[in-house]
Protein chains: 2
Amino acid sequence: MFDKAAGPEVLKQHNRQLVMSAIEAHTPVSRARLARYTKLSRTSISQIVDELLPTGIIRETGESVLTGGRPGLLLELNADAWHALGVELRDTEWVVVITNLAGKICRQLNIPAEYKSPEDTFRTLGQKLAAIIKQTEYKLLPAVGVGVPGIVDEEAGVIIQSEDRGWVDVPVRRLLEKEISLRALVINRHIAGGLAESRYGAGAGKSHVIYVGVDTGVVAALLIDGQLYKGHAYGSGQIGHITAVPDGPLCSCGNRGCLELVASGRALVRLYGEKAGLSGNTGSITVESICQAAMRGEKIALDCLEEMAGHLGIAIANLINIFNPNGVVIGGSVLQHNDLLFNMIKKVIEQRTLKYHLSRTTLSPGHFRHNAGSVGTAALVLDHKLGLLFNHERAVHIQIKGAPIREKSRT
Amino acid sequence: MFDKAAGPEVLKQHNRQLVMSAIEAHTPVSRARLARYTKLSRTSISQIVDELLPTGIIRETGESVLTGGRPGLLLELNADAWHALGVELRDTEWVVVITNLAGKICRQLNIPAEYKSPEDTFRTLGQKLAAIIKQTEYKLLPAVGVGVPGIVDEEAGVIIQSEDRGWVDVPVRRLLEKEISLRALVINRHIAGGLAESRYGAGAGKSHVIYVGVDTGVVAALLIDGQLYKGHAYGSGQIGHITAVPDGPLCSCGNRGCLELVASGRALVRLYGEKAGLSGNTGSITVESICQAAMRGEKIALDCLEEMAGHLGIAIANLINIFNPNGVVIGGSVLQHNDLLFNMIKKVIEQRTLKYHLSRTTLSPGHFRHNAGSVGTAALVLDHKLGLLFNHERAVHIQIKGAPIREKSRT
DNA sequence: CGGGCTATGTAAAAGTTGTTGACAAAGGTA
DNA sequence: TACCTTTGTCAACAACTTTTACATAGCCCG
């Protein structure tokens with residue numbers, strides 16, 4: 001509960017974070033106003049700003065405001081001073097992105113996925129990342145976000161288990177750090193998608209966000225006070241195996257009628273095949289083709305979407321009643337083709353959620369498309385930017401491109 | 001996200017809390033061992049202990065241990081130095097308890113409930129509490145926990161809305177503080193039950209606890225790192241209105257097939273009436289009589305319980321998949337008669353929860369009976385004990401029975 | 001039985017961090 | 001030009017913590 005002893009350096013870190021957030025929120029802002037926003041003294045603000053300035057993360061725009069007295073020196077986020085590297089390991093491709101400090105994508109690279117043994121997979125990935133790091137002109141924060149399938153021990157950087165790939169206890173951080181000199185921050189790739197939406201997408205500015213990602217499977221990410229909720233053993237948000245149809249078909253997990261069996265990309269294709277009477281031969285049918293058919297008004301396709309929306313809507317309504325969020329984002333590849341499914345889900349949610357909860361939350365479709373996951377991994381790096389720039393323990397051993405990190409000798 | 005500026009006093013408060021928790025956890029313990037547990041220096045421990053001792057909350061038992069060197073002076077929680085007052089407003093009675101610092105009930109008083117207008121209700125309650133406070137021989141912490149029905153703004157001490165009583169925006173704290181000189185800490189009464197179980201009951205020692213209370217309705221409480229999760233607007237845990245049967249009967253909330261309609265004390269009585277063919281005439285049937293019938297092996301009663309267990313089991317299994325707790329407690333008045341229902345629910349949960357999650361959590365029946373709620377309100381007071389003893393802002397204006405609060409002049 | 005060893009509790013000094021109060025700087029206004 | 005308001009910084013001070021040193025207290029062993 002109360003885990004760690006706290007010394008003055010904890011204060012410093014907290015207040016530095018506080019000031020940084022305030023600068024980002026009110027962007028061109030004087031020291032004096034920062035003091036009022038954060039309730040720190042002007043003196044403390046000055047001292048913290050003096051530490052931030054030499055890292056380049058913020059800059060003085062010299063401008064001033066017209067107010068009754070002496071004009072202030074405006075500070076703003078210097079969004080392009082540093083960049084974050086993130087990669088999502090999707091089923092068919094590895095999506096690498098480089099974003100600036102504002103979460104804007106500056107480079108994106110889609111590499112065909114090469115899955116072999118865990119060791120070989122991450123050696124290959126590491127080598128490709130090393131090449132990218134070497135040739136990029138951007139000054140990178142000394143970490144890389146890695147979005148992987150499965151349940152991840154984020155502290156250790158280890159995949160505990162991944163059903164999709166059949167992996168168990170893969171020490172991703174250790175494997176990657178053999179190839180590259182950046183700290184590897186490992187996270188579940190769907191959860192990363194939720195992080196992206198909550199920081200820079202449809203959930204921006206909300207404190208309690210539920211993100212539901214509908215891809216081949218279904219996963220939820222829960223953000224409490226802007227922080228990802230991880231559960232006791234990094235297993236939070238597994239809504240794919242919620243019971244949606246109590247006496248439904250058997251699932252690979254051992255349960256019956258899991259949500260994933262009746263509401264996911266995979267389920268959609270199967271369902272359409274069944275309704276269209278194409279026994280087995282679903283080869284040419286894809287989520288995309290079904291969505292397009294629905295757009296044209298095809299009855300079968302619409303029915304399939306409606307059925308999925310019923311299940312998803314109930315699941316999400318239940319989540320809202322339990323969590324009482326102020327923002328709900330529904331994303332994932334199945335939603336990215338058009339708004340039909342989202343609107344159907346929304347209608348169900350509106351029927352099935354308590355008025356109190358419904359009136360206090362917003363429902364939005366995801367803002368990012370197939371790169372939500374990769375942006376999220378970069379967002380994870382950005383979340384640690386101050387730690388990476390100031391804390392030598394968490395930062396890496398080598399300097400990237402002569403980054404002018406203030407050494408601040410403390411030994 | 002990062003809300004408040006932090007000064008040195010925040011450190012102090014945190015570390016004081018840390019030391020107190022460590023003392024409670026390892027109870028007879030020397031200063032030196034505390035230093036090792038908390039990772040604070042021996043000096044700091046001594047200073048904090050010197051502040052705690054005069055409050056009476058801990059004491060030196062003078063004893064010593066046999067270890068290689070000089071024996072330490074053992075410290076232990078002085079559980080009977082202070083007591084906490086809590087009250088739960090149940091439908092038919094108001095349950096007042098006084099517990100010691102270890103959460104043990106020292107006095108319990110069941111007052112017949114008198115519900116009138118909100119103002120009159122809380123004036124009456126306040127007067128009864130005032131009488132209790134005046135005549136008790138216990139030294140009370142300067143606060144009273146108040147467990148009420150409905151959604152509560154805990155910061156303001158206001159009931160936002162209570163469907164059961166038809167109340168809206170009732171300023172409970174203000175009303176009570178007119179009658180008594182203790183700070184009123186207001187909380188939902190079912191949530192309080194979860195707090196009791198997680199602190200002093202079946203969930204003791206677990207970091208991530210789900211508590212499900214089955215009474216006339218059904219409510220869940222979620223505890224994350226030992227702290228109650230409140231949601232964005234204090235609306236968390238409303239599982240009573242989760243959709244359990246998509247095309248079920250209409251609920252007063254506007255939705256169909258809410259869990260509360262098929263799995264709760266009220267539902268059990270209705271269900272039994274239906275199955276037994278007693279149309280309407282359910283007057284003599286109670287939850288207790290049904291449970292006793294089930295114990296005798298009566299088929300209808302067992303079927304009713306089985307049906308309820310199916311719905312509750314699915315709901316709880318879903319919660320576990322989403323939350324990944326390490327402890328699940330199922331309590332409430334419906335469970336208190338025997339273990340039949342609990343075991344049925346447990347079986348369903350074991351079938352429907354992901355293996356990963358199931359193997360990392362424990363399922364237990366509630367430890368408290370009809371006084372879980374009131375113990376929880378007292379627990380809420382105990383959670384604030386250090387704040388109440390040290391922080392003048394949060395404490396009350398008058399001293400209780402000449403409490404020897406160290407004044408620690410700071411001005 | 002006294003010296004050596006280990007561990008505990010405390011006191012003094014030093015190093016963080018923050019705030020307060022004073023002051024010069026910079027602009028608007030009478 | 002005199003006065004007011006606001007801003008940014010400097011010096012002094014207050015609240016934490018840790019480090020270092022030391023007296024204390026029991027045990028073991030020669």
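As a basis for the values below, the full set of heavy atoms in this structure was taken, side chains included, without hydrogen atoms, waters or symmetry mates. The chains referred to below are lettered A, B, ... by the order of the sequence lines, with proteins before strands, and numbering in each begins at 1.
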Scan nucleotides 11-13 of chain C against the protein and return all N/O pairs shorter than 3.5 Å with their distances rounded to 0.1 Å.
from: dA11(C); atom 1: N6; to: Thr43(B); atom 2: OG1; distance (Å): 3.3

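- If you take CD on Glu76(A) and CD1 on Ile58(A), they are separated by 10.0 Å, rounding to the nearest 0.5 Å.
- Under the 3.5 Å distance criterion, the side-chain polar atoms of Tyr200(A) are left unmatched by any main-chain donor or acceptor of Gly376(A).
- Ion pairing between a basic and an acidic side chain is recognised when a charged N comes within 4.0 Å of a carboxylate O; Arg16(A) and Glu9(A) show no such pairing.
- Put simply, CD1 on Ile191(B) and CG on Leu223(B) are 8.5 Å apart, with the number rounded to the nearest 0.5 Å.
- Contact of Arg70(A) with dT6(D) (side chain to base): no donor-acceptor pair of N or O atoms is detected under 3.5 Å.
- In this structure, Cys106(A) SG and Leu85(A) CG are separated by 12.0 Å, a value rounded to the nearest 0.5 Å.
- Among the nucleotides dT17(D), dG18(C), dT9(D), the one closest to any side-chain atom of Pro8(B) is dG18(C).
- Under a 3.5 Å cut-off, the side chain of Asp153(B) and the backbone N or O of Glu155(B) do form a donor-acceptor pair.
- Thr43(B) and Ser46(B) share no donor-acceptor pair across their side chains, judged by distance under 3.5 Å alone.
- Note on ring orientation: taking the six-membered ring where Trp is involved, the planes of His83(A) and Tyr138(A) are tilted (angle from 30° to 60°).
- Remark: Asn15(A) is in phosphate contact with dG18(C), judged by side-chain N or O atoms under 4.0 Å from OP1 or OP2.
- One atom, CZ of Arg36(B), and another, C1' of dT18(D), lie 17 Å apart when rounded to the nearest Å.
- We find that CD of Gln13(B) is positioned 16 Å from C1' of dG18(C), with the value rounded to whole Å.
- Spacing between atom CG of Asp50(A) and atom P of dG18(C) amounts to 13 Å, rounded to whole angstrom units.
- When the local axes at the two ends of the helix from dC1(C)-dG30(D) to dA30(C)-dT1(D) are compared, using 5 base pairs at each end, they differ in direction by 20° after rounding to 10°.
- Arg16(A) comes within 4.0 angstrom of nothing in the nucleic acid, heavy atoms only.
- Checking Ile45(A) against Ser46(B), the closest nucleotide of DNA chain C that is more toward the 5' end is the one next to Ser46(B).
- For Arg31(A) against dG8(D), a side-chain-to-base donor-acceptor contact under 3.5 Å is absent.
- Remark: of the listed residues Leu195(B), Val144(B), Val375(B), Leu195(B) is the sole one forming a side chain to side chain contact (heavy atoms under 4.5 Å, CB included) with Leu380(B).
- Side-chain proximity of Lys12(A) to the nucleotides dG8(D), dT8(C), dT17(C) is greatest for dT17(C).
- Taking 4.0 angstrom as the limit, Ser41(B) places none of its side-chain polar atoms (N or O) nearer than this to OP1 or OP2 of dT19(D).
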